[in-house]
Amino acid sequence: MGRTKKLSIAEKTRAIRLAKHINQDDIATAIGRGVHTVIKTENGKRNYKEDELTAIRKYLHIEDIPLTDDELARFKGQLYVFRERIKEELLDEARKMQSRLAIITIYPFEPDLQMLYKTIEARLLLKDGEYDKAGDNLKLIKSQLEHTTDEVRYHYYYAMGSLCLYKRNHEEALGFYREAERVESSSFAEENSLDFNLAVCYFRFGMYLLSIASLERIYNSDNRGLTSATGITHDVTLGLNYMVMGHYDKAKKLFNEALVRAEDLNNKYRTGGILHNLGCIYYKTKKYEKATMFFERASMYVEQKSNEYIENLFYKTLCLIASKSSESKLELSNAKLIAKGNEHYAFLLDSLSHIMTLKEKESRQYIEDVTIPYLLEKYKYFEVLIFYEELKRFFAKNKTKTYEIMSSIGEVQRRMMRENIDVKE
């Protein structure tokens, strides 16, 4: 099916006139011309002069609506500024732009520009946690993809990938990002962004070598944005890859550098996440007291009852259990109350209950037969290794069982090194 016909300026003002139930006589009076002039112009036999168009804009209250080619180009440029504000997490500035740019959606023309706005607005909605509203934006665009441009398709696929990431559906996210990569062009693609999002997907699948390779393409580029929120996110993601692969010194260096920049930007969300990651490093290196301190600091920066807050509680409780703290039972009980209704973290915290009772055969079987298979299915290799380490510690004097556990740990580590992945298209 064909694309929507491009409207002339006269056709656009006519569409607005009709939508506002204004007749041609009123327009003629507003511009100081006879009605025949308006009829002739709307029929395409002449163009509005500059002073006539200015008068029509004022009369119809559309001074801010882009009508001419130059105005449309400037408006599109503002949409890309809007996108950059969202990427850099300058969300207050982005919201101010949103209220001004949304005007394009009111008028019955420029469908490509309207869809472009909607795809970019979806990213802001995702940042604000408005997943359903973002999804509604994208559903409207999906039905029109056949009739639009590669530019709109790129932004649609990109935003859909991000929506899937926020919903933790990494298989679909990777599929959408690959679609974006297929239609991208240097005229509208985002430098480094696809590589970064691919790195995130690979990381969530436990594909750490592929994730690092994607991130290294960013580090070898000319524009890393070191002092920006985006640059912080790149460093944190690379640090996470190093951490799960056991390169703790490299990870700690990246996290500490990113922490300074996040604090300088007063970015509480990133600050909380980095403090949490540092806590994980100290937990893995068995410095439980220091790890607990970082988890407590991190809890001050993340929203209560969010996934990040509950995950932080999980690791803090894990530290208390590992250090045999008398507070571990109370902390676990409180964490379970907060995680109630969150299927994934409720399951993890229930598994911690079994870690506390490993002397009981039923608890050991639960960890081996339920917890670990569940986490493997979710590609949660870091957490798998945590539970295997707890089993290894319990069986420290049982050489046969320890050998079996070490073999299982080796198998998990080999899975982390895979170079290929099958993704549902």
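Values reported hereafter were calculated over all heavy atoms of this structure, with side chains retained and with hydrogens, waters and symmetry mates removed.
The residues Glu89 and Lys127 are annotated as salt-bridged, a charged nitrogen and a carboxylate oxygen being separated by less than 4.0 angstrom. Comment: Lys76 engages Glu151 in a salt bridge, judged by a side-chain N to carboxylate O separation of less than 4.0 angstrom. A salt bridge does not link Glu181 with Arg178: every distance from a Lys NZ or Arg NE/NH1/NH2 to an Asp or Glu carboxylate oxygen is 4.0 Å or more. A salt bridge between Arg261 and Asp264 is absent, with no side-chain N of the basic residue lying under 4.0 Å from a carboxylate O of the acidic one. Between Asp128 and Lys133, none of the side-chain N atoms (NZ, or NE/NH1/NH2) sits under 4.0 Å from a carboxylate O, so this pair counts as no salt bridge. Of the charged side-chain nitrogens involved, at least one lies within less than 4.0 Å of a carboxylate oxygen, so that Glu389 and Lys392 count as a salt-bridged pair.
Every pair passing ring pair (Phe, Tyr, Trp, His ring centres under 6.0 Å) that includes a residue from residues 100-140 is listed here, sequence neighbours excluded: Tyr131-Tyr166. Screening residues 152-164 for side-chain hydrogen bond (donor to acceptor under 3.5 Å, both in side chains) gives Tyr80-His155, Arg123-His155, Asp150-Arg153, Tyr154-Glu190, Tyr158-Asn197, Ser162-Tyr177 as the qualifying pairs, with residues at least two apart or on separate chains.
Arg95 is listed as a side-chain neighbour of Leu91, based on a closest heavy-atom distance under 4.5 Å. Counting heavy atoms from C-beta on, the side chains of Ile218 and Leu238 never come closer than 4.5 Å. No side-chain heavy atom of Leu349 sits less than 4.5 Å from a side-chain heavy atom of Leu313.
Aromatic pair Phe294/Tyr282: ring centres closer than 6.0 Å. Between Tyr283 and Tyr288, the distance separating the two ring centers is shorter than 6.0 angstrom.
Residues that satisfy the side chain to side chain donor-acceptor pair (under 3.5 Å) test with Lys284, not counting sequence neighbours, are absent from this structure. For the side chain to side chain donor-acceptor pair (under 3.5 Å) test, no residue two or more places apart in sequence or in another chain qualifies with Lys380. Shown here are the salt bridge (charged side-chain N to carboxylate O under 4.0 Å, His left out) partners of Glu93, two or more places apart in sequence or in another chain: Arg85. For Glu257, the salt bridge (charged side-chain N to carboxylate O under 4.0 Å, His left out) partners are Lys253, not counting sequence neighbours. Glu368 is linked by a side chain to side chain donor-acceptor pair (under 3.5 Å) to Lys401, counting only residues two or more places apart in sequence or in another chain. Considering only residues two or more places apart in sequence or on other chains, Arg297 meets the salt bridge (charged side-chain N to carboxylate O under 4.0 Å, His left out) condition with none of them. Residues passing the salt bridge (charged side-chain N to carboxylate O under 4.0 Å, His left out) test with Lys252, sequence neighbours excluded: none. The side chain to side chain donor-acceptor pair (under 3.5 Å) check on Asp369 picks up nothing, with sequence neighbours excluded. His344 is linked by a ring-ring contact (aromatic ring centres under 6.0 Å, His included) to Tyr374, counting only residues two or more places apart in sequence or in another chain.
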Hey, can you pull the donor-acceptor pairs under 3.5 Å for the side chains in residues 360-367, sequence neighbours left out?
| from | atom 1 | to | atom 2 | distance (Å) |
| --- | --- | --- | --- | --- |
| Ser363 | OG | His354 | ND1 | 3.1 |
| Ser363 | OG | Thr357 | O | 3.2 |
| Ser363 | OG | Thr357 | OG1 | 2.6 |
| Arg364 | NH1 | Leu358 | O | 2.7 |
| Arg364 | NH1 | Lys359 | O | 3.1 |
| Tyr366 | OH | Asp350 | OD2 | 3.4 |

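A donor-acceptor distance shorter than 3.5 angstrom exists from the side chain of Glu71 to the backbone of Thr68, with no hydrogens or angles considered.
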